[in-house]
Amino acid sequence: MEKLTQAQVELCRGKNFAAVATVNEDGTPQTSIVWIDTDGENVVFNTTNGRAKGRHLRRDPRVSVSVFDAQDPYRYFEVEGVAELQTGGALDHIHALSQRYRGTDYVGDYDRVIVTVKAQRIFDYQVS
């Protein structure tokens with residue numbers, strides 16, 4: 001298991017975005033742009049149980065997340081790992097993310113899940 005550096009943690013705590021790649025049932029990749037967060041050790045994001053990310057990760061927890069600096073997209077890092085999903089606290093988490101990114105509480109689908117990515121490999125590009 002690899003751990004995030006302090007610079008990577010700070011990137012996750014900023015108003016930056018990430019590209020999440022999961023695996024479709026037929027083995028093809030599926031990607032989405034997400035709001036990103038961290039628990040201080042792992043990359044964390046929030047999704048719904050009904051979206052492709054949630055469905056794919058329940059079936060196959062392998063995931064890749066590329067977090068990039070909104071001010072300098074050439075400054076980024078990628079985490080490859082295994083996702084752990086939890087529903088507890090997911091609504092509070094999406095409201096906190098919405099406050100950070102939009103300045104308002106979240107409005108939308110409330111069947112939420114928090115995804116924590118346990119890093120098996122981290123590739124750093126000008127972050128650390």
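Everything numeric in this text was worked out from a predicted model, so none of it was measured.
Atoms CZ and CG, from Arg100 and Asn16 in turn, are 8.5 Å apart once rounded to the nearest 0.5 Å. Asp60 CG to Glu25 CD: the interatomic distance, rounded to the nearest 0.5 Å, is 10.5 Å. Glu2 contributes atom CD, which lies 8.5 Å from atom CZ of Phe123 (distance to the nearest 0.5 angstrom).
Evaluated for a side-chain hydrogen bond (donor to acceptor under 3.5 Å, both in side chains) with Tyr106, the options Gln99, His95, Arg112 yield exactly one hit, Arg112.
With contacts defined as side-chain heavy-atom distances shorter than 4.5 Å, the pair Val117/Val44 does not qualify. Proximity of Pro61 to Val82: side-chain heavy atoms (C-beta onward) are separated by under 4.5 Å at one or more points. Put simply, the side chain of Gln8 reaches to within 4.5 Å of the side chain of Ile122, judged on heavy atoms. The closest side-chain heavy-atom distance from Glu41 to Lys3 is below 4.5 Å. Inter-residue side-chain proximity for Val79 and Val67 is flagged as unmet; no heavy-atom pair is nearer than 4.5 Å. Counting only heavy atoms from C-beta outward, the side chains of Phe77 and Val43 approach each other to under 4.5 Å. Side-chain contact between Val115 and Leu57 is present, with heavy atoms from C-beta onward closer than 4.5 Å. In this structure the side chain of Leu11 never reaches within 4.5 angstrom of the side chain of Val9, judged on heavy atoms.
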Walk me through it: do Asn42 and Leu4 pass the test side-chain contact (heavy atoms from CB on, under 4.5 Å)? CA-CA 7 Å; Asn42 305 290; Leu4 300 177; 5.7 Å; no

Would you please test Thr116 and Glu84 for side chain to side chain donor-acceptor pair (under 3.5 Å) and show each step? CA-CA 5 Å; Thr116 301; Glu84 293 180 359; 5.8 Å; no

For the pair Thr28 and Gln30, evaluate side chain to side chain donor-acceptor pair (under 3.5 Å) and give the outcome as yes or no after the intermediate values. CA-CA 7 Å; Thr28 58; Gln30 185 274 334; over 6 Å; no

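Under the 3.5 Å distance criterion, the side-chain polar atoms of Asn24 are left unmatched by any main-chain donor or acceptor of Asp26. Put simply, the side chain of Ser98 gets close to the backbone of Thr104: a donor and an acceptor are under 3.5 Å apart. Remark: side-chain polar atoms of Asn49 are not paired, donor with acceptor, to backbone N or O of Gly54 under 3.5 angstrom.
Heavy-atom neighbours of Arg13 CZ from other residues, nucleotides or ligands within 6.0 Å: above the threshold of 12. Around the CZ atom of Arg121, the shell of radius 6.0 Å holds no more than 12 heavy atoms that belong to other residues, nucleotides or ligands.
Thr22 approaches Val63 most closely through the heavy-atom pair CG2-CG2, 4.3 Å.
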